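Let me begin by presenting the structure, written as structure tokens, before commenting on it.
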There are 2 protein chains.
Amino acid sequence: MERKDPRRDLLERAVDYLSEHGVIARSLRQLAAELGTSHRMLIYHFGSMEGLLVEVVREVEARQRAVLADLDPTGSPADVAKAFWRRFTDPALYPNERLFFELYGQALQGRPGTEALLPEVVTAWLGPLVALGKSHGLSERDALVNARLGMAVTRGLLLDLLATGDLEAVNEAMDRFVDTYVAGLP
Amino acid sequence: MERKDPRRDLLERAVDYLSEHGVIARSLRQLAAELGTSHRMLIYHFGSMEGLLVEVVREVEARQRAVLADLDPTGSPADVAKAFWRRFTDPALYPNERLFFELYGQALQGRPGTEALLPEVVTAWLGPLVALGKSHGLSERDALVNARLGMAVTRGLLLDLLATGDLEAVNEAMDRFVDTYVAGLP
DNA sequence: TGGTACATGTACCACTTGGTACACGAGGGG
DNA sequence: CCCCTCGTGTACCAAGTGGTACATGTACCA
């Protein structure tokens, strides 16, 4: 059970650590020291600093997708949207989300090792969200437009939340959107 | 007229350059070389690397606010929203917006010198947007909620646009939001 | 038993980093 | 005319960087 894959273990701890402390200004050596190894080990397992970054990006993406996966698609669109939002605003996810936005920003600027995020960052979510919309009777086209819009609202409010910490305010904005826009959908 | 302030000049060119190339992985020396000076000059004018970053953040913020300032608040909310969005999706602004999101991400992770962004990043926009909403007859509370929501939609779709480059798709999503939600407001 | 593949530590390398010391030239005011 | 401030360049520094060489430990298989 307890896997003996040191690389996997190292990666998970690295992602956790970087989620808490940010990926900038962390060198191989600092990171290694803080994980209780030597920087030699990170090189050994990931080839290079950039190789590690690539894996971190992949893992962050996988975690995001895991959040999406345990979405329960039953109930009205409004109910699904609210459950979705509640899941995202779980404070336990804040560090991962911060890391996600940090990497997103760096990917936009072309930092090597992070580019892999960009193609996925939107499209990977569109698929499931479109399917969800269609299951509620939307046309392909409408489902796509609304998926995009819903994702934008979610990410935009998440950025707001992470910057201000004002959960009440962003909840209010999301409620307004869901009650006024989403509720009138199907 | 335009002469006399080498520091100001240096700062503007630095922001332009960092907009195009990203703030990570740019050292004092690289940046200086690319601006045609020595890193000594950057230290002289800004005190330190972090001092420079602080000024860059301030300038990016100022530019964002300049975009907000030349908003024409006449016309229906839907018209204003669409004009607003059109202004933001001017490709000439992409580099600035990329830099904005990059710094935003780093500020969320607590990079020294960037923290100044966080308090402003939401609240600085709320004021003018709330005033706009109220001028169209919304209550204080409604204006606030809608300002927050509008900002989230804008930033979320901007993130989408910068990642995918699919202007048509994000325009469609914004149109849908404006026509369905904003149009029903006043 | 021995070998071999993985995992890890120690020591080192060349290079870059942010920051400093210092010298120099131009311009203006006394 | 001298001096002083501003802006700039050159040279330098200690510290930290990513990466490599090599030796070692450990476990499992033949």
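Letters A, B, ... are given to chains in the order of the sequence lines, protein chains preceding strands, and every chain is numbered from 1. All values reported here derive from a predicted model rather than from experimental measurement.
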Could you list by number each residue of residues 33-42 of chain A showing a heavy-atom separation from DNA chain D of less than 4.0 Å, or answer none if no residue does?
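DNA chain D contact set from residues 33-42 of chain A: A:His39, A:Arg40.
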
I'd like to check the side chain to side chain donor-acceptor pair (under 3.5 Å) partners of B:Arg86; sequence neighbours left out, ordered by chain and number.
none

Give every donor-acceptor pair under 3.5 Å between a side-chain atom in residues 123-135 of chain A and any protein atom, sequence neighbours left out.
| from | atom 1 | to | atom 2 | distance (Å) |
| --- | --- | --- | --- | --- |
| A:Thr123 | OG1 | A:Pro119 | O | 2.6 |
| A:Lys134 | NZ | A:Glu140 | OE1 | 2.6 |
| A:Ser135 | OG | A:Leu132 | O | 2.7 |

Taking only side-chain N and O atoms of B:Gln30, does any of them lie within less than 4.0 angstrom of OP1 or OP2 on C:dT16?
no

Rounded off to whole Å, could you give me the [atom1]-to-[atom2] distance for the [X] and [N] pair?
X       : N      : atom1 : atom2 : result
A:Arg26 : D:dG18 : CZ    : P     : 12 Å
A:Phe46 : D:dG18 : CZ    : P     : 15 Å
B:His45 : D:dG7  : NE2   : C1'   : 6 Å
A:Tyr44 : D:dT24 : OH    : P     : 18 Å
A:Ile43 : C:dG9  : CD1   : P     : 14 Å
B:Leu28 : C:dT17 : CG    : P     : 9 Å
A:Leu31 : D:dT17 : CG    : C1'   : 14 Å
A:Arg29 : C:dT10 : CZ    : C1'   : 11 Å

Does A:Glu61 pair with A:Arg65 as a salt bridge, N-O distance under 4.0 Å?
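Yes, charged N to carboxylate O under 4.0 Å.
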
Between B:Glu12 and B:Arg8, is there a salt bridge with N-O shorter than 4.0 Å?
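Salt bridge present between B:Arg8 and B:Glu12.
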
side-chain hydrogen bond (donor to acceptor under 3.5 Å, both in side chains) pairs, two or more places apart, involving residues 98-110 of chain B
A:Glu102-B:Gln109, A:Gln109-B:Glu102, B:Gln106-B:Arg111

Of C:dA7, D:dT17, C:dG19, the nucleotide closest to the side chain of A:Ser27 is D:dT17

So what's D:dA30 paired with, Watson-Crick or G-U wobble, going by both distances under 3.5 Å?
C:dT1

Quick one: ring pair (Phe, Tyr, Trp, His ring centres under 6.0 Å) partners of B:Phe84, sequence neighbours excluded?
B:Phe88

Of all pairs that satisfy salt bridge (charged side-chain N to carboxylate O under 4.0 Å, His left out), the ones with a partner from residues 29-42 of chain A, not counting sequence neighbours
A:Arg26-A:Glu34

